[in-house]
*Asks:* 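I'd like to ask you about the structure that follows.
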Amino acid sequence: MPEAPHTPVRRPWRRFFPFLAWPRPDRATLQGEAIAGLTVGMMVIPQGVAYAALAGMPLVTGIYASLLPALIAVLFSASTRLSVGPTALSCLLIAASLSGMAEPGSPQWVNLAVWLALLSGLLQVVLGAARFGWLLNVVSAPVLMGFTQAAAVLILLSQLRDLLGLPADWQAAQLAQQLNPGAALFGIGSLVLLVLSRRLSPKLPAVVLVVLAAAGISWAIGFEAAGGAVVGSLPAGMPQLYLPQWPGWQDFSRLLAPALVITLISFLETASSAKVDSQKGGQRWDQDQDLIGQGLAKLASGLSGAFPTSSSFSRSALNLYAGARTGWATIASVIVVLAALVWFTPLLHPVPQAVLAAIVVAAVMGLVKPAAFVQLWRVSRVEAVTAGVTFGVTVLSAPALYWGVIAGLLMSLSHFLYQRLHPRIIEIGLHPDGSLRDRHLWHLPPLAPRLCALRMDGGLDFASANAFERAVLEHLAAHPEVRHVCVFALSINHIDATGVEMFGQLRKGLRERGICLHIAGMKLPVERVLLRAGELPAPGAAPDPLLRLYRTDAEALAALQHPSMQNPA
């Protein structure tokens, strides 16, 4: 006899230590992973420094956030080819959340940023461990699109000063006098090179080349000595354990809403990359395990004295493009970051801050897509308005960006609730092509004389039960000659206690008026609930002459078109 196919055994320890299930790599795999890791590692260093500046943090914390958090994330996440570290959107949320609470770059600012990392990380770990990853699906695509585009606009505006070398108190009317030509040349030139390289050669590590070239030119011309703003000295060596100080109840309470938004948005960033990674690998995305991994990464970032991390879509795409197959590529990139932190931070000293601004601008320019609103308007005007309101509230409420997410969520959930409360209920007729369709829309004759044939798309629950009962009673009031009501129930996929109560009341009311109730295609879960509630005759019981059940629509149509229905007494 042939052997039965081997079924892999799911071991519980793989959920707690998923890295133990990694395949053992051979020499060729390690070489490929090393190349991919080198590519991403070289890119994450200048990006990390640039994003730390966006978050108002000490620049070296951008490298800290690219080191231990990336290692922890790849070890404990299900998606092992994601690049975890600083991202533009998360850093903007950090800067906006802490605005007005402390001075950017100050010890108090760092302490609050660490608390954001710990709070959001702990929340993600708890959600993942409880398998509540589905809760994050409450954010619809229009809300995320509106918020992301608004955040991108705010990021671009926030980088304009550094990109052009303007002082902190610059005024638009005095732009020409306050403009630093050298910084503007570095910033605009770097931006042009980054944009062109992305279009001409996406695989080229343009960020690294631009940073190195800018550092060399800045050092050669004495840009810092001439008063130009540069990265400056960065402390070398591994990050030290950072234990945050208690910020006080007032500041702590102000961190709760931003921490929730950071948790939500950062994981949606992760989802956009993880879904692509899972599709390429032909696997199902384990969102709960990724929640745990991303949460642990945030905790590691906070204890390193850094800020909340997330998955970078651009770096993750580069990782896949460079040929990464397993988590060993991320291990290689971590080694690259570690080497840079220990030995090569002096190379970043002369890099103009305008170049860092150009890196941020180049990364978020692609997020601004006005055409997406036009396309969404064609698909759904309600959702387009939701996206537009999210965009507007996010921009106008800056720096309290979470109001944009809250406004979008409320509109999205209100629309969802309205649809549940107003399900699609139609009177159906037989179309010439043999399908059952909306009788009034297609101008079809009734299925049979003195018959009300209805179909509702959705569950028969607390949200839709009253609407369904109202549709039946209104039809009977308008057509008192009706003696048969047929419910084509194949589209009713569930029923709750409210639906059972309404069914019983409707059936009783029809019986009192001598009207026969026909039900076609009832699904087994719905039938079982009604049987347990005693609203359907038990198997073997005497049939009810005013209740007829049909397994299929075809069986119901045959019965409804029987001569006894066509020529009622």
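These numbers come from the heavy atoms of this one structure, side chains and all, not from hydrogens, waters or symmetry mates.
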*Asks:* How close do G408 and T390 get, counting heavy atoms only, and between which atoms?
*Replies:*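 For G408 and T390, the tightest heavy-atom pair comes out as CA-OG1, 3.2 Å.
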*Asks:* Do S301 side-chain atoms and A297 backbone N/O form a donor-acceptor pair below 3.5 Å?
*Replies:*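 No.
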*Asks:* Treating T263 as the side-chain partner and A259 as the backbone partner, does any N or O pair qualify as donor plus acceptor under 3.5 Å?
*Replies:*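 Yes, because the side chain of T263 sits within donor-acceptor range (under 3.5 Å) of the backbone of A259.
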*Asks:* So H349 and E224, side chain to side chain donor-acceptor pair (under 3.5 Å) or not? Walk me through it.
*Replies:* CA-CA 10 Å; H349 182 110; E224 181 182 10; 3.1 Å; yes
*Asks:* More than 12 heavy atoms of other residues, nucleotides or ligands under 6.0 Å from CZ of F252: yes or no?
*Replies:*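 Yes, the 6.0 Å shell around CZ holds more than 12 heavy atoms from other groups.
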*Asks:* Once rounded to the nearest 0.5 Å, what's the spacing between atom CG of D286 and atom CZ of R131?
*Replies:*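 So the gap between those two atoms works out to 6.5 Å.
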*Asks:* Using a 3.5 Å distance criterion without hydrogens, assess whether the side chain of Q289 forms a donor-acceptor pair with backbone atoms of F76.
*Replies:*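 Flag set: sc Q289 to bb F76 pair under 3.5 Å.
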*Asks:* So V364 and Q159, do their side chains get closer than 4.5 Å, heavy atoms only?
*Replies:*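 Not touching, per the 4.5 Å side-chain cut-off.
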*Asks:* Treating S380 as the side-chain partner and L376 as the backbone partner, does any N or O pair qualify as donor plus acceptor under 3.5 Å?
*Replies:*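 Between the backbone of L376 and the side chain of S380 there is no qualifying donor-acceptor contact (under 3.5 Å).
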*Asks:* Which heavy atom in A65 sits nearest to a heavy atom in T309, and how many Å separate them?
*Replies:*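 Closest pair (atom of A65, atom of T309, distance): O-CG2, 3.5 Å.
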*Asks:* Is there a side-chain contact between M42 and L38 in this structure, where contact means two heavy atoms from C-beta onward sitting under 4.5 Å apart?
*Replies:*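 Yes, at least one pair of side-chain atoms sits under 4.5 Å.
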*Asks:* Restricting to non-hydrogen atoms, name the atom on L163 and the atom on I188 that form the minimum distance, rounded to 0.1 Å.
*Replies:*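 Result for this residue pair: CD1-N, 4.3 Å.
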*Asks:* Can you confirm whether C91 sits close enough to F307 that some side-chain heavy atom of one is under 4.5 Å from a side-chain heavy atom of the other?
*Replies:*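 Side chain of C91 against side chain of F307, heavy atoms only: contact under 4.5 Å found.
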*Asks:* Looking only at atom types and distance, does a side-chain atom of E33 sit under 3.5 Å from a main-chain N or O of A332, one as donor and one as acceptor?
*Replies:*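 No: the side chain of E33 does not pair with the backbone of A332.
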*Asks:* Heavy-atom count around Q245 CD within 6.0 Å, excluding the residue itself: above 12?
*Replies:*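 Counting neighbours around CD of Q245, 12 or fewer heavy atoms of other residues, nucleotides or ligands fall under 6.0 Å, so no.
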*Asks:* Please determine whether side-chain contact (heavy atoms from CB on, under 4.5 Å) holds for the pair S83 and M43, giving the CA-CA distance in whole Å, both sets of side-chain angles, and the decisive distance to 0.1 Å.
*Replies:* CA-CA 11 Å; S83 177; M43 180 179 180; over 6 Å; no
*Asks:* Any chance you could lay out the side-chain contact (heavy atoms from CB on, under 4.5 Å) test for Y402 and T394, step after step, and finish with the verdict?
*Replies:* CA-CA 7 Å; Y402 53 85; T394 302; over 6 Å; no
*Asks:* Given 3.5 Å as the limit, does a donor-acceptor pair link the side chain of Q124 with the main chain of I292, or not?
*Replies:*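 Not a single qualifying donor-acceptor pair exists.
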*Asks:* Tell me, do L234 and L341 make a side-chain contact under 4.5 Å, heavy atoms counted?
*Replies:*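 No, their side chains stay 4.5 Å or more apart.
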*Asks:* What's the shortest heavy-atom distance between P258 and L116, and which atoms?
*Replies:*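 Minimum heavy-atom contact is CB-CD2, 4.1 Å.
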*Asks:* Hey, are the side chains of Y242 and V110 touching, using non-hydrogen atoms and a 4.5 Å cut-off?
*Replies:*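 Yes; the side chains approach each other to less than 4.5 Å.
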*Asks:* Closer than 3.5 angstrom, by distance alone: can the side chain of E269 be matched with the main-chain N or O of F313 as a donor-acceptor pair?
*Replies:*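 No.
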*Asks:* Should we count CH2 of W343 as having more than 12 external heavy atoms under 6.0 Å?
*Replies:*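 No.
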*Asks:* Tell me if a side-chain donor or acceptor on S333 pairs with a main-chain N or O of T330 at a distance below 3.5 Å.
*Replies:*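 Side chain of S333 to backbone of T330: a pair is present.
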*Asks:* How long is the gap from CG on D288 to CZ on F132, to the nearest 0.5 Å?
*Replies:*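 Answer rounded to 0.5 Å: 10.0 Å.
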*Asks:* As an exercise, state the distance from CG of L255 to OG of S97, rounded to the nearest 0.5 Å.
*Replies:*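 The CG atom of L255 sits 8.0 Å away from the OG atom of S97.
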*Asks:* Is there a side-chain contact between V334 and L67 in this structure, where contact means two heavy atoms from C-beta onward sitting under 4.5 Å apart?
*Replies:*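 Contact flag for V334/L67 side chains = yes.
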*Asks:* Evaluate the side-chain contact (heavy atoms from CB on, under 4.5 Å) criterion for residues L160 and L156: first the C-alpha distance (whole Å), next the side-chain angles of each, then the deciding distance (0.1 Å), finally the verdict.
*Replies:* CA-CA 6 Å; L160 185 61; L156 293 176; over 6 Å; no
*Asks:* Using 0.5 Å steps for rounding, measure from the CZ atom of R315 to the CG atom of L82.
*Replies:*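 These two atoms lie 11.0 Å from each other.
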*Asks:* Looking at every heavy atom in both S66 and G48, which two are closest together, and how far apart are they?
*Replies:*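 Heavy atoms of S66 and G48 come nearest at OG-CA, 4.4 Å.
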*Asks:* Is D251 reaching over with its side chain to a backbone N or O of M101, donor-acceptor style, under 3.5 angstrom?
*Replies:*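 No; judged by distance alone, with no hydrogens or angles, the pair does not exist.
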*Asks:* Counting neighbours of CH2 on W109 that are heavy atoms of other residues, nucleotides or ligands and sit closer than 6.0 Å, is the number greater than 12?
*Replies:*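 Buried by this count: over 12 neighbours within 6.0 Å.
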*Asks:* Distance check, rounded to the nearest 0.5 Å: L396 atom CG versus L401 atom CG?
*Replies:*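 Here the interatomic distance stands at 11.5 Å.
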*Asks:* For S412 and S140, what are the C-alpha separation, side-chain angles and deciding distance, and is it a side chain to side chain donor-acceptor pair (under 3.5 Å)?
*Replies:* CA-CA 7 Å; S412 182; S140 63; 3.3 Å; yes
*Asks:* Look up atom CD1 in I63 and atom OG1 in T345, then write down how far apart they are to the nearest 0.5 Å.
*Replies:*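 Reported to 0.5 Å precision, the distance equals 7.0 Å.
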*Asks:* Would you check, one step at a time, whether the test side-chain contact (heavy atoms from CB on, under 4.5 Å) holds for F147 with L89?
*Replies:* CA-CA 10 Å; F147 179 80; L89 190 53; 4.1 Å; yes
*Asks:* Look only at the side chain of S304 and the backbone of A306, and say whether a donor-acceptor pair between them is shorter than 3.5 Å.
*Replies:*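 No; judged by distance alone, with no hydrogens or angles, the pair does not exist.
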*Asks:* Ignoring hydrogens, what is the shortest heavy-atom contact between V211 and P46? Give both atom names and the distance.
*Replies:*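 That would be CG2-CB, 3.6 Å.
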